[in-house]
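Worksheet: the structure to be examined is printed underneath.
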Amino acid sequence: MNVSITDILDQIIASLPLFRPELLLIVGFIASICSALFVEKRLKNFTSGVYLSTIVLSIYFLCAQLTTSATGFSGMWIVDKLSTYARLIIAFAAAIIGLFIQQRHKQDNNGDVYSVLLAAILGMNVLCNSSNWMLAFIGIEMVSIASYVLVGYFSKQKKQAEAAMKYALFGSVCAAIMLYGLSLIYGLTGSLDFQSPQQLQGLMVAPEPIVTIALLFVFVGIGFKLSFVPFHVWSPDVYEGAPTAITAFLSTIPKIGALILFTRLYTVWSSTAFYFSDLTSGFLLFVSIASMLVGNLAALRQKDIKRLMAYSSIGHTGFLLMAVFAYQDAFQYLLFYIVAYVLMNLATFIFIDALEERTGSTALSSYAGLGRKMPVLFTAFTLVAVSLIGLPPTMGFMGKLMIFSAVFDTYQMADEGIVLLLLVVGALTAVISLFYYFRIPFYAFLRNTESLQIGVAKSQILLWVGYLLTAFVILLGLFPGLLLNLITA
Amino acid sequence: MITITHFLVVSAVIFCIGLYAVLAKRNAIMILVGIELMINASILNFVAFSRYDKVNYGGQVFALFAIVLAAAAVAVGLAIILNVYKYYKTINPANINELKD
């Protein structure tokens, strides 16, 4: 086919406005590399300023895109409401994580970490906006490589080096397997766009065994990023080994991008009546149930709070997959639960970090008797835990309620046994999670220990951000309309 | 006459060798080599299939990007393994097990 180069150039130039927030991130990435190299030595914290202003500017450009709904770059780049809201959530979470790292790693930070973070955010934006396998793979690899670097970046202990190695090796294997699956899909269909009719038709006529292999291989890569069962084995080790600020990053931002990609994929692929659609929805139901069960049951016997949060976030991933299953055309439930999940996890890790700074430990038993010494912190921590369980009057409850009712509607229409099983497991695991989340206030308020040394906190700003997030969790739990109206308007 | 089947068989064999190197887990560098083999098997697939995609050569472009990304991932992986060696004096994954349930 001969398309003249001027036409292609015209099309690219016409698509550039859709790419504005990402172009800004690229500029910020280069600027933060230069600032870390030349300015950081003279002006401490200059790079974090560059980072934060890049994020704020990209939020501004994203707000300008809120009403846009278009495709660009010959159909490779989709901008719609779902992607814009998801990128806004990512940008807000990124701003808080930037502050987290800036406050917590003042000595051992020479500014490079911000450029790596910006690269990861760029990758996430790519994931949110693409329906093309090539862009999706580039996005996943950008996020993964940046995350490997981040986990090993502040490496001062054996544990952190080990966590980085396990993460990098496991992640690269998953990416390689996914790439092989993608090459098979490309061979079967001749198309790289998973929303294109050509790809769907190719998958309909292809032989079943090879479709099974190709699809499962592709899900391996997405499963690694979302850390659902059975590709979750890396996450407890990595969450425990990584510095807490990086763990906060890993548990929130990469999941948003991968989840939006998976949502787009699932809505298109499960819409037909052919074998590959059955396989996709069956797989989703299976991993959703398995993730909720494994995550919540394994969390029961954890003694380290960061490992506990790793299993808890596996359980939440299962729940988010349930939201993907219920997702039809209304994305507000999914987005509401993503916002709730991000707020809760960021607040939890800020509190964990504040306690780690004082007691020097992340073991649950080190919280014994601290409730009387730090009543405000533990009250806020308990409120977030209540929200993580999904009890009223918090955001976690509203999010779970909406998803449950959406799935129940699906069940009433389809009347399939496995959907009922999904609902039952979802409700049951919420009850199970009560036991391990309430161990935090249990240790803090009801256990006593002898006089213990509590260090002095260096930074109060971070703790205030944590309280603010907790206030949001309660406020949006009481008035969910505030957020829902914003999303649907 | 070399047909597409030959390419597919070769790439499947390379992929399996890579997967074996990963699962055998003797040495972190060997795992990286295995990953590289798996990625190259997929790249071979992409280029072979791309012959039948005369419209926009999506497979060849994908292959180019995959090569770049694989190189980046391996560079980061080697740096991390070097860091692990500094602390543990070994790169055998079986002996690096401080983090576990």
Side-chain angles (χ1 to χ4, degrees), chain A residues 1 3 74 132-135 137-138 140-142 144-146 148-149 151-152 155 157-193 217 236-241 298 301-304 307, chain B residues 4 8 11-12 15 18-19 22-23 25 28 31-32 34-50 52-56 58-59 61-63 65-66 68-70 72-88 91 93 96-101:
Chain A
M1 195 165 81
V3 183
S74 43
N132 187 289
W133 279 125
M134 189 170 86
L135 274 185
F137 186 74
I138 293 172
I140 285 183
E141 276 290 61
M142 274 174 85
S144 300
I145 293 173
Y148 310 151
V149 177
V151 171
S155 164
Q157 308 162 7
K158 275 177 130 181
K159 271 185 356 182
Q160 289 175 6
E162 182 188 341
M165 190 186 84
K166 282 183 171 168
Y167 191 33
L169 291 181
F170 195 82
S172 307
V173 173
C174 286
I177 293 176
M178 182 187 181
L179 191 66
Y180 196 77
L182 290 180
S183 77
L184 289 180
I185 286 186
Y186 176 64
L188 291 173
T189 65
S191 158
L192 280 171
D193 189 338
F217 276 18
D237 287 351
V238 174
Y239 279 38
E240 189 190 343
R301 55 185 187 87
Q302 298 307 319
K303 295 185 180 67
D304 184 285
R307 274 190 104 80
Chain B
I4 185 130
L8 291 185
S11 95
F15 184 80
L19 199 60
V22 168
L23 295 177
K25 278 211 286 195
I31 296 180
L32 274 188
I35 292 165
E36 197 69 1
L37 282 174
M38 284 155 81
I39 290 175
N40 281 313
S42 339
I43 290 169
L44 185 62
N45 260 358
F46 270 119
V47 176
F49 286 135
S50 170
Y52 300 91
D53 180 16
K54 289 263 166 55
V55 185
N56 38 23
V61 179
F62 203 144
F65 275 102
V68 174
L69 288 171
V74 166
V76 169
L78 280 176
I80 287 171
I81 290 171
L82 204 62
N83 194 22
V84 166
Y85 183 74
K86 207 170 76 188
Y87 290 104
Y88 287 83
I91 50 169
I96 304 170
N97 51 5
E98 227 166 70
L99 295 164
K100 60 186 171 202
D101 269 322

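To find a chain, count down the sequence lines: A is the first, B the second, and so on, and within it residues start at 1.
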Next on the checklist: Is B/F46 close to chain A through its backbone or its side chain, or both, or neither, when contacts mean heavy atoms under 4.5 Å?
Outcome noted: both
Item to check | Minimum-distance pair of heavy atoms, taken over all atoms of B/L99 and A/K159 | outcome: CD1-O, 3.7 Å
Item to check | Contact origin within A/K166 toward chain B - heavy atom pairs under 4.5 Å | outcome: side chain
Checklist entry - Judged by atom type as modelled, is there a donor-acceptor pair below 3.5 Å linking the side chain of A/Y186 to the main-chain atoms of B/G59? => result yes
Item to check | Option in B/V76, B/I39, B/L69 with maximal non-hydrogen atom pairs under 4.5 Å from chain A | outcome: B/L69
Item to check | A/A175 versus chain B, the contacting section by heavy-atom distance below 4.5 Å | outcome: neither
Next on the checklist: Quick one, B/Y88 with A/E162, criterion side chain to side chain donor-acceptor pair (under 3.5 Å). Give me CA distance, side-chain angles, the key distance, then yes/no.
Outcome noted: CA-CA 9 Å; B/Y88 287 83; A/E162 182 188 341; 2.8 Å; yes
Checklist entry - Where do A/A176 and B/I35 come nearest, in terms of heavy atoms and distance? => result CB-O, 4.1 Å
Next on the checklist: Tell me the closest heavy-atom pair linking B/I80 and A/A168, and the distance in Å.
Outcome noted: CD1-CB, 4.0 Å
Checklist entry - Looking at B/N83, B/L44, B/N40, B/I91, which one has more heavy-atom pairs under 4.5 Å with chain A than the rest? => result B/N83
Checklist entry - Heavy-atom distance under 4.5 Å to chain B: side chain of A/F217, backbone, both or neither? => result side chain
Checklist entry - Any idea how B/F62 and A/F137 line up, ring-wise: parallel (<30°), tilted (30 to 60°), or perpendicular (>60°)? => result tilted
Checklist outcome for this item: So, the part of A/L192 with a heavy atom under 4.5 Å from chain B: the answer is side chain
Item to check | Between CD on residue B/E98 and NZ on residue A/K158, distance to nearest 0.5 Å | outcome: 5.0 Å
Next on the checklist: Once rounded to the nearest 0.5 Å, what's the spacing between atom OG of B/S11 and atom CG of A/L184?
Outcome noted: 7.5 Å
Next on the checklist: What part of A/Q160 gets within 4.5 angstrom of chain B, counting heavy atoms only: side chain, backbone, both, or neither?
Outcome noted: neither
Next on the checklist: For the CZ atom of B/F65 and the CG atom of A/L135, what is their distance to the nearest 0.5 Å?
Outcome noted: 8.0 Å
Checklist entry - Could you state the interatomic distance from CG (B/N45) to CG (A/L182), rounded to the nearest 0.5 Å? => result 11.0 Å
Checklist entry - Top residue by heavy-atom pair count (under 4.5 Å) with chain B, among A/G187, A/A298, A/S183? => result A/S183
Checklist entry - If you count heavy-atom pairs under 4.5 Å between each of A/G181, A/S172, A/S191 and chain B, which one has the most? => result A/S172
Checklist entry - Where do B/A12 and A/Y180 come nearest, in terms of heavy atoms and distance? => result CA-OH, 3.4 Å
